[in-house]
Amino acid sequence: MPELPEVETVRAGLAPALTGAIVESLDVFDTRSFKRHPGGVEDFRQTLVGSKILGVARRGKFLWMPIEPATATSHRLALVGHLGMSGQMLLRTPAFTEDKLTRAIIHVRSDDGQPFEFRFIDQRLFGSLAIDELVETNDSLAGGFSDGVAEGTWWQNLIPASAAHISRDPLDPNFSETTVLAKVAKKHSGIKRVLLDQQTISGIGNIYADEALWASKLHYDQPADSIGNAKMRELLSNVKEILSKAVLQGGTSFDEQYKNVNGESGYFAVSLNAYGMTGTACKRCSTEIKRESWMNRGSHFCPKCQKLR
DNA sequence: AACACATCCTGACTGC
DNA sequence: TGCAGTCAGGATGTGT
């Protein structure tokens with residue numbers, strides 16, 4: 001469930017169940033899901049099993065859960081998860097039927113004593129689970145978004161080292177529009193490339209990039225530095241609005257691939273105006289929405305409303 | 001430094 | 001039915 005609204009839906013689903021839970025054991029069905037854990041699966045297992053999960057935080061498309069290991073350690077650690085293109089994180093009772101393409105199961109016991117399973121499903125294996133060290137954020141503000149966390153919790157202003165380079169996302173309370181505008185103004189790449197660059201602004205992927213560009217009447221290849229300040233603010237405002245609406249709807253889903261933690265698909269009702277609408281009439285001007293191959297994927301846009309200038 | 005591209009993967013679906 | 005080709009919502013490393 002790859003873009004910000006889908007990842008946030010997962011985060012919000014995991015948090016109440018996993019906060020305070022103890023990890024009892026781990027089943028690994030495909031070690032490739034752990035390739036971003038430097039020490040390998042056995043090292044991952046040793047650190048994780050017995051530890052307590054303290055919360056679930058997110059920045060952009062990265063999720064992490066600070067942990068308190070069973071044995072005393074000087075390190076500040078977190079279980080870091082990324083869904084990649086096809087990852088799912090499901091919460092299941094032990095008796096629940098097997099989920100196809102499950103790569104790992106983390107068996108946990110909630111703080112009220114209930115045993116359940118945290119299942120990691122991932123068709124394409126671009127997603128990952130790892131344990132990483134938490135480091136200070138470069139602006140000393142909160143690492144990411146998490147709710148139900150007491151102010152001043154030790155891990156609040158920390159972020160996994162592997163996600164420290166990721167820029168704040170538009171729904172982050174500490175998101176700075178000024179910072180993003182300054183970065184964008186220096187970029188000569190096409191605006192869509194810039195929107196997808198997680199170090200400039202995070203959380204946006206192919207769907208919401210196409211949607212925000214359609215809403216702002218911008219061509220995907222319009223050089224970023226040729227877009228005026230007012231227009232850029234309009235674009236950022238559209239990004240924010242589209243992401244927020246999608247979060248409220250529990251993310252966008254098209255098929256069996258994208259699910260919340262209960263395995264339910266998001267509401268299809270999130271009406272898309274550009275993404276996947278190839279051949280249909282543009283809702284503004286009735287011109288046929290076009291799809292162009294771009295960066296090994298697709299870009300959907302209205303050739304009339306979104307002209308390259 | 002900034003930019004463009006190749007690469008990691010599997011499964012579902014289409015059309016011949 | 002079988003098989004080849006196409007498509008998929010991401011991030012990273014590498015070369016210029």
Side-chain angles (χ1 to χ4, degrees), chain A residues 1-10 29-38 58-63 80-89 99-103 120-130 132 160-167 169 182-214 220-221 223-225 239 242-243 246-247 249-260 265-268 270 272-279 291-300:
Chain A
M1 298 183 143
E3 303 184 43
L4 185 152
E6 293 74 35
V7 180
E8 173 54 26
T9 302
V10 170
F29 305 108
D30 199 317
T31 57
R32 290 174 293 181
S33 289
F34 297 85
K35 60 187 163 194
R36 292 190 61 191
H37 182 79
R58 178 192 58 75
R59 179 185 291 201
K61 306 169 197 170
F62 279 80
L63 278 176
V80 182
H82 198 291
L83 299 171
M85 291 278 248
S86 54
Q88 295 174 19
M89 291 178 181
D99 292 288
K100 232 174 153 184
L101 301 169
T102 301
R103 308 302 189 183
F120 185 69
I121 287 96
D122 188 12
Q123 184 207 122
R124 294 177 73 185
L125 295 161
F126 291 169
S128 62
L129 294 177
D132 194 15
S162 53
H165 63 293
I166 299 296
S167 177
D169 62 69
K183 282 185 188 170
V184 172
K186 288 184 200 155
K187 298 207 177 275
H188 191 61
S189 308
I191 185 61
K192 182 165 172 182
R193 210 181 267 277
V194 174
L195 285 180
L196 295 181
D197 174 10
Q198 307 296 304
Q199 301 192 47
T200 302
I201 182 171
S202 72
I204 306 170
N206 208 30
I207 298 181
Y208 297 110
D210 281 359
E211 291 301 306
L213 291 170
W214 181 88
Y220 63 86
D221 220 11
D225 58 4
V239 164
I242 289 166
L243 293 180
V247 167
Q249 309 220 32
T252 304
S253 70
F254 301 91
D255 49 42
E256 284 306 293
Q257 195 73 249
Y258 308 101
K259 296 182 170 175
N260 68 12
S265 291
Y267 292 102
F268 192 75
V270 182
L272 296 174
N273 294 307
Y275 184 86
M277 303 301 281
T278 316
R291 175 186 186 277
E292 275 178 14
S293 219
W294 174 87
M295 266 180 77
N296 273 336
R297 44 176 70 185
S299 235
H300 312 74

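Numbered from 1 within each chain, the chains take letters A, B, ... in sequence-line order.
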Open item on the list: Under 4.0 Å from OP1 or OP2 of B/dA4: is there any side-chain N or O of A/Arg193 that close?
Closed with: yes
Task: Rounded interatomic separation in angstrom, taking CD from A/Gln123 and P from B/dG11 - done: 6 Å
Task: Short side-chain N/O contact to B/dC3 OP1/OP2 from A/Lys187, under 4.0 Å - done: yes
Open item on the list: Looking at A/Ile207, is its backbone amide N or carbonyl O close enough to the side chain of A/Glu3 to form a donor-acceptor pair, meaning the two atoms are under 3.5 Å apart?
Closed with: yes
Identify all pairs in which a protein N or O lies below 3.5 Å from an N or O of nucleotides 11-14 of chain C, and state each distance.
residue, atom, partner, partner atom, Å
C/dA11, OP1, A/His82, NE2, 2.8
C/dA11, OP2, A/Lys61, NZ, 2.9
C/dT12, OP1, A/Arg36, NH2, 3.4
C/dT12, OP2, A/His165, NE2, 3.3

- [ ] Could you state the atom-to-atom distance from CZ of A/Phe126 to P of C/dG9 in whole Å?
- [x] 11 Å
- [ ] Would you mind reading off the distance between A/Leu195 atom CG and C/dG9 atom P, rounded to a whole angstrom?
- [x] 15 Å
Task: Candidate nucleotides C/dG10, B/dC9, C/dC7, ranked by approach to the side chain of A/Leu125 - the nearest - done: B/dC9
- [ ] Could you tell me whether a side-chain N or O of A/Glu211 sits under 3.5 Å from a main-chain N or O of A/Leu272, the two making a donor and an acceptor?
- [x] no
Open item on the list: Whole angstroms only, please: what is the CZ-P distance between A/Arg124 and B/dC8?
Closed with: 13 Å
Task: Closest to the A/Ser189 side chain, choosing from B/dT10, C/dG9, B/dC3 - done: B/dC3
- [ ] Can you tell me the distance, in whole Å, between the CG atom of A/Asn296 and the C1' atom of C/dT6?
- [x] 12 Å
Open item on the list: Stem list for DNA chain C, please, built from Watson-Crick and G-U wobble pairs under 3.5 Å and keeping only runs of at least 3.
Closed with: B:2-8 with C:10-16, B:10-16 with C:2-8
Open item on the list: By the 4.0 Å heavy-atom rule, please label A/Lys183 as base, sugar-phosphate, or nothing.
Closed with: nothing
Open item on the list: I need the NE2-P distance between A/His188 and B/dC3, as an integer number of Å.
Closed with: 8 Å
TODO: Drop me the distance from A/Ser299's OG to A/Leu213's CG, to the nearest 0.5 angstrom.
DONE: 7.5 Å
Open item on the list: How long is the straight-line distance from CD1 of A/Ile204 back to NZ of A/Lys61, given to the nearest 0.5 Å?
Closed with: 8.0 Å
- [ ] Provide the distance between the two P atoms, one in C/dT14 and one in B/dC9, to the nearest whole Å.
- [x] 15 Å
- [ ] Check whether any side-chain N or O of A/Tyr275 sits under 4.0 Å from OP1 or OP2 of C/dG9, and answer yes or no.
- [x] yes
Open item on the list: How long is the straight-line distance from OG of A/Ser86 back to CG of A/Asp122, given to the nearest 0.5 Å?
Closed with: 4.0 Å
Open item on the list: For A/His165, I'd like to know if atom NE2 has over 12 heavy atoms of other residues, nucleotides or ligands within 6.0 Å.
Closed with: yes
Open item on the list: Using whole Å, what does the distance between atom P of nucleotide C/dG10 and atom CG of A/Asp169 come to?
Closed with: 14 Å
Open item on the list: Distance check, P atoms only: C/dG9 and B/dC3, in whole angstrom units.
Closed with: 23 Å
Open item on the list: Can you tell me how far apart CZ (A/Arg36) and CZ (A/Phe126) are? Round to the nearest 0.5 Å.
Closed with: 13.0 Å
Task: Whether A/Asp210 side chain and A/His300 backbone form a donor-acceptor pair below 3.5 Å - done: yes
Task: Set of residues satisfying side chain to side chain contact (heavy atoms under 4.5 Å, CB included) with respect to A/Ala185, sequence neighbours excluded - done: none
Task: Length of the NE2-P vector between A/His300 and C/dC7, whole Å - done: 10 Å
- [ ] Inspect the contact between A/Asp169 and A/Arg58 and indicate whether a charged nitrogen and a carboxylate oxygen are less than 4.0 angstrom apart.
- [x] yes
Open item on the list: Can you tell me which nucleotide in C/dA8, B/dT10, B/dC9 comes closest to the side chain of A/Met85?
Closed with: C/dA8
